[in-house]
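Just so we're on the same page: letters track the sequence lines, and every chain starts at 1. Only this structure's heavy atoms are used, side chains among them; waters, hydrogens and symmetry mates stay out.
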Amino acid sequence: MDPARFTQVDPFTWRIEPTGAMRVPAIIYADEALIQGMDEKVHLQASNVASLPGIVGASYAMPDAHWGYGFPIGGVAAFDADHGGIVSAGGVGFDISCGVRTMLTGIPVEDLKRVAHGLAQALYRDIPAGVGSESTISLDDIEMDDMLRGGARWAVDRGWGEERDLERIEENGRMAGARPEFVSNRAKERQRREMGTLGSGNHYLEVQAIDEIYDPEAARIFGLQVGEVVVTIHCGSRGLGHQIGSDFLLEMVGAAKEAGIILPDKELACAPINSDAGRRYIGAMRAGINCALANREILGHFTRRIFRHFFPGNELMLLFDVSHNTCKVEEHEVDGRLRSLHVHRKGATRALGPGHPDLPDALKAVGQPVLIGGSMGTNSYVLAGLATSEEKSFSSACHGAGRALSRHAAAKQWGGRQVVEELARRGIIICSPSMRGVAEEAPGAYKDVGAVVVAAEKAGLARRVAKLSPLVCIKG
DNA sequence: ATGTCC
């Protein structure tokens, strides 16, 4: 995008003044190079979101923002129910509660490398990955509803996780207010055999080395040490979340019309928070959040089992589990007044600063771990929340590198085998059921995640704590 | 993202 289309507030803040139907400004956090490389559609989509009823503050886009369905991916927007605020399925995203968890192994990189090939094979064999992948777990109707109400808490109670994980998961592992009765039977049917599966696209399980520490005090509290290994899992609510999104997108087109909301783009379909469709979506979406939390907890459990086979007695400690596709009710200070807002984060990570009451005691001094997934074969980062992000982005930060090339363009440019071989030469083991998928996820198809996290840090959204590099990647 | 178009 042409930087001249913005009012530059500071080197990392770019503002679109309200024009036409926009009720508030749109604000993008990025450096000039990221703005120049950013999808043209982000300007339009962030402006469109700013026109929706009840929006508070501004429509925000993170440094990794790119074109999405209606709302940009990397978008943050908060709405006030008492001022006609809306909720939008497209503002959450199709993969409800897609997110990242990182687990600490305490294993030195040298020890891991000795068993890397066997470990990769075992992970690939036991972690179902790819489109339509199914696990050995099958849920009947009662179990399904228990899972949708209980999230990771349910998984722990069923023996697929550990009690102490829960305080390291957003919402302590269980999203309150979930309403399984508002989730369609079709959505539940799709999920019946998909618990504990990775899915496809940009989802992965990665064994990573801690390469560099930027903030020694935060790293110490997070338990991150250079030369040790961590495991990061990126996935979401699989078929169930996707079906909830599809069901309600359709319904919200009608709901918006009924409420007299003029949509600049049909993909912004939404419903007033205080409406039947709005309330039902929120209840169903929260059930979708629990599905994703349970899914990542089960995947963590499978991972522990495999690691213990190679490293007897090893305990994988959960650093944190955080979503980047949600709509959550949160208290935020706006113009000196505390307001209850429905905060949509679509491809944006919650990033609570130090001292936030929702953080576990052990993390209060440094702030929330903000887990930034790189693309396959590139670095990932662990950031920590900053107090400044509260007023800048309703306590949100970026979520990953963001695509530079479309899936189609990437598949035209590279072959899957070629990508696997090139990464193997750099000592990175890739296992995937889909060579087409590997080509689409080639490192060159993504922006530089390093530039994204520096921009997030300089903009005051979150600060860098550690850099991770991949050793083994199980790719969906 | 997604039983990648019921």
> Between atom CE in A/Met435 and atom C1' in B/dT4, what is the gap in whole Å?
Replying inline: 18 Å
>> Any base atoms under 4.0 Å from A/Ser200, or only sugar-phosphate, or nothing? Heavy atoms, all strands.
In response: base
>> Distance check needed: B/dT4 P versus A/Glu194 CD, whole Å only.
In response: 11 Å
> Could you state the NE2-P distance from A/His242 to B/dT4, rounded to the nearest angstrom?
Replying inline: 9 Å
>> At less than 4.0 Å, is any side-chain N or O atom of A/Arg238 found next to OP1 or OP2 of B/dT2? Yes or no.
In response: yes
> Just checking A/Gly236: base, sugar-phosphate only, or nothing, at a heavy-atom cut-off of under 4.0 Å?
Replying inline: nothing
> Taking atom C1' of B/dC6 as reference, at what distance in whole Å does atom CG of A/Leu250 sit?
Replying inline: 13 Å
May I have the list of side-chain donor-acceptor pairs in residues 465-472 of chain A shorter than 3.5 Å, sequence neighbours left out?
from: A/Lys467; atom 1: NZ; to: A/Glu212; atom 2: OE1; distance (Å): 3.4
from: A/Ser469; atom 1: OG; to: A/Asp211; atom 2: OD1; distance (Å): 3.1
from: A/Ser469; atom 1: OG; to: A/Asp211; atom 2: OD2; distance (Å): 3.0

> Under 4.0 angstrom, heavy atoms only, what part of the nucleic acid is A/Gly199 near: base, sugar-phosphate, or nothing?
Replying inline: sugar-phosphate
> For A/Arg436 and B/dT2, what is the distance between atoms CZ and P respectively, to the nearest whole Å?
Replying inline: 16 Å
> To the nearest Å, how far apart are A/Asp95 CG and B/dT2 P?
Replying inline: 6 Å
>> I'd like to check the ring-ring contact (aromatic ring centres under 6.0 Å, His included) partners of A/Trp154; sequence neighbours left out, ordered by chain and number.
In response: A/Trp160
>> In whole Å, I'd like the distance from the NE2 atom of A/His203 to the C1' atom of B/dT4.
In response: 14 Å
> Hey, does the Lys NZ or Arg CZ of A/Arg168 hover above the aromatic six-ring of A/Phe320, less than 6.0 Å from the centre and inside 45° of the axis?
Replying inline: no
> Do A/Tyr29 and A/Phe12 have their ring centres less than 6.0 Å from each other?
Replying inline: no
>> Using heavy-atom distances to pick each residue's nearest nucleotide on DNA chain B, tell me which of A/Glu441 and A/Val131 is more 5'.
In response: A/Glu441
> Could you state the CD-P distance from A/Gln243 to B/dT4, rounded to the nearest angstrom?
Replying inline: 12 Å
